[in-house]
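Letters A, B, ... are given to chains in the order of the sequence lines, protein chains preceding strands, and every chain is numbered from 1.
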There are 2 protein chains.
Amino acid sequence: MSSPKKYITVDAVVFGYEEGNLSLLLVKRGIEPFKGRWALPGGFVNDNESLENAVERELNEEAGITLKYLEQLYTFGEPSRDPRGRVISVAYLGLVRPDAFELSASTDVIEADWFNINDLPKLAFDHKSIIDKALERLRAKITYQPIGFELLNTTFSFSELERLYSSLLGRPIDRRNFRKKIMSFGLLTQLSEKRKEGPGRPASLFQFDEDRYKTYLEKGLYFEL
Amino acid sequence: MSSPKKYITVDAVVFGYEEGNLSLLLVKRGIEPFKGRWALPGGFVNDNESLENAVERELNEEAGITLKYLEQLYTFGEPSRDPRGRVISVAYLGLVRPDAFELSASTDVIEADWFNINDLPKLAFDHKSIIDKALERLRAKITYQPIGFELLNTTFSFSELERLYSSLLGRPIDRRNFRKKIMSFGLLTQLSEKRKEGPGRPASLFQFDEDRYKTYLEKGLYFEL
DNA sequence: TCAAAAGTGTTGGAGTTACACCCATGA
DNA sequence: TCATGGGTGTAACTCCAACACTTTTGA
């Protein structure tokens, strides 16, 4: 029987969205292995912290960021995925609003930055496949849970929401039908303010009603597309 | 900084279905902690095996069973979930056909048996919450992926399929509509044999067409309810 | 007054639901 | 011939997809 203890890490796939682009948080490694290579933020789990706490701590240490949305994604445990030995990584999926985009690197990390999801650098370990899994989950999930709102600021215009969905799903969305559908859930509050920037008619601003969402959840909500 | 190595185990939530009842595979522990208590089959991961291999090995050792369907469920890592110290468990969800129901216990296990899902004994560790998570996943998943077939024998009658769905979803199903829906996927082959046991008109037998399903998957299938 | 983006309804068709009677078999 | 479970069709309705013009603003 082999030694039962193994290294265990957490890694975070954190998505942000700004100006029509989905972006991903990466850190440049300051230590071996893969020193100087870009990688997902993450690291070893301490003895007395939960996995989720570990992710939150690492995100704070390595990128100076705190997330509102974080869920467990998948656990990667192939024996050869890490040159240091047997390392099992529990991956998390996180979403961050544009107003929390400022980063500050430290702890084993040279820098932290946002990358366009279609233009990623070469990555350390098996992090590319972790990201692929996260993208798949994100795309599936926005069609049946209102997590898209976690990628926008607390107030947003309808066309911002529409562009987000359209770019995430990779297909055009009918403005009128989309609006009808989203409105039918009754989870948006229309504010009296309007956004006036750039050309064109100013857009009304909306806000997602989390309290009402939680109430619905208890009776089972069917959010679809 | 605390010691980075931890214990890592795999646990399997294996469901079976027979005569209208969903059942769950449990093993009675032969060693401490929780000696004599029922628990999910599982155990420590060896150095050179993948997580999935570890589950398969443990299921074979502890219950003498091999599964056709196995997927990763969730990773449980609360610091206090195991009295032996910090133990992180990667849980898997498995399905087994009635024709592979015979069990044979060994290795650290006193016996292995099937339990009705509504009549479970007191369980070791946090295994109850692992089971709850698995049930939730199973119920959600049968509505959009044809995994229900993994719980039936390779040939089955339509009413068996219908009873399975109805009991898993906990609500009655309209026989005619259900048949129309399932048939519209074109994934069932009707056999010429009929099942003649018990009273009533004999039922035609069907078979799930896995090849055709795989073909569909590549173009994106929308199996819904 | 032009350009740019926001906002708004209707209609046809597809898909879902609701619903009840006849069929084949063994006792 | 009766009891048991298997098998089938239609009509109303709901939901979804397709589609184009008007409004508001700044330049």
### Gap between atom CG of A/L205 and atom CD of A/E193 - 0.5 Å precision
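Answer for the CD-CG pair, A/E193 versus A/L205, is 5.5 Å.
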
### Task
Supply the atom-to-atom distance A/Y92 OH to A/L70 CG, rounded to the nearest 0.5 angstrom.
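Between A/Y92 OH and A/L70 CG, I get 7.0 Å after rounding to 0.5 Å.
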
### Results of salt bridge (Lys or Arg N to Asp or Glu O under 4.0 Å) for A/E78 - residues two or more places apart only
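Partners of A/E78 under the salt bridge (Lys or Arg N to Asp or Glu O under 4.0 Å) test: none.
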
### Message
Would you call the rings of A/F149 and A/F208 parallel, tilted or perpendicular, taking 30° and 60° as the class edges?
### Response
parallel

### Query
Parallel under 30°, tilted from 30 to 60°, perpendicular over 60°: which one fits the rings of B/Y74 and B/F76?
perpendicular

Within [range], residues whose heavy atoms come under 4.0 Å of DNA chain C:
| range | value |
| --- | --- |
| residues 192-206 of chain A | A/P199, A/G200, A/R201, A/P202, A/A203, A/S204 |
| residues 169-184 of chain A | A/R175, A/R176, A/R179, A/K180 |
| residues 146-166 of chain A | A/S159 |

[X]: side-chain contact (heavy atoms from CB on, under 4.5 Å) partners, not counting sequence neighbours:
| X | answer |
| --- | --- |
| B/N177 | B/D174, B/K180 |
| A/L217 | A/Y213 |
| B/F178 | B/F158, B/L161, B/E162, B/Y165, B/I173, B/I182 |

### Message
Between A/E61 and A/R57 (salt bridge meaning N to carboxylate O under 4.0 Å), is one present in this structure?
### Response
yes

#### Entry: Intermediate values then yes/no, ring-ring contact (aromatic ring centres under 6.0 Å, His included), A/Y216 and A/F185
CA-CA 10 Å; A/Y216 272 68; A/F185 301 134; 8.8 Å; no

In chain order, what residues pass the side-chain hydrogen bond (donor to acceptor under 3.5 Å, both in side chains) check against [X], with sequence neighbours excluded?
| X | answer |
| --- | --- |
| B/S204 | B/Q190, B/K194 |
| A/E136 | none |
| B/K128 | B/D132 |

### Message
Quick one, A/N53 with A/S50, criterion side-chain hydrogen bond (donor to acceptor under 3.5 Å, both in side chains). Give me CA distance, side-chain angles, the key distance, then yes/no.
### Response
CA-CA 5 Å; A/N53 285 154; A/S50 67; 3.1 Å; yes

### Residue from B/T75, B/L59, B/L40, B/V55 passing side chain to side chain contact (heavy atoms under 4.5 Å, CB included) with B/V10
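Considering B/T75, B/L59, B/L40, B/V55, a side chain to side chain contact (heavy atoms under 4.5 Å, CB included) with B/V10 is found only for B/V55.
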
### Task
Provide the start and end nucleotides, 5' to 3', of the part of DNA chain D that has atoms under 4.0 Å from heavy atoms of chain B.
D/dT4 to D/dT10

### Nucleotides bounding contact with chain A, strand DNA chain C, heavy-atom threshold 4.0 Å
C/dA4 to C/dT10

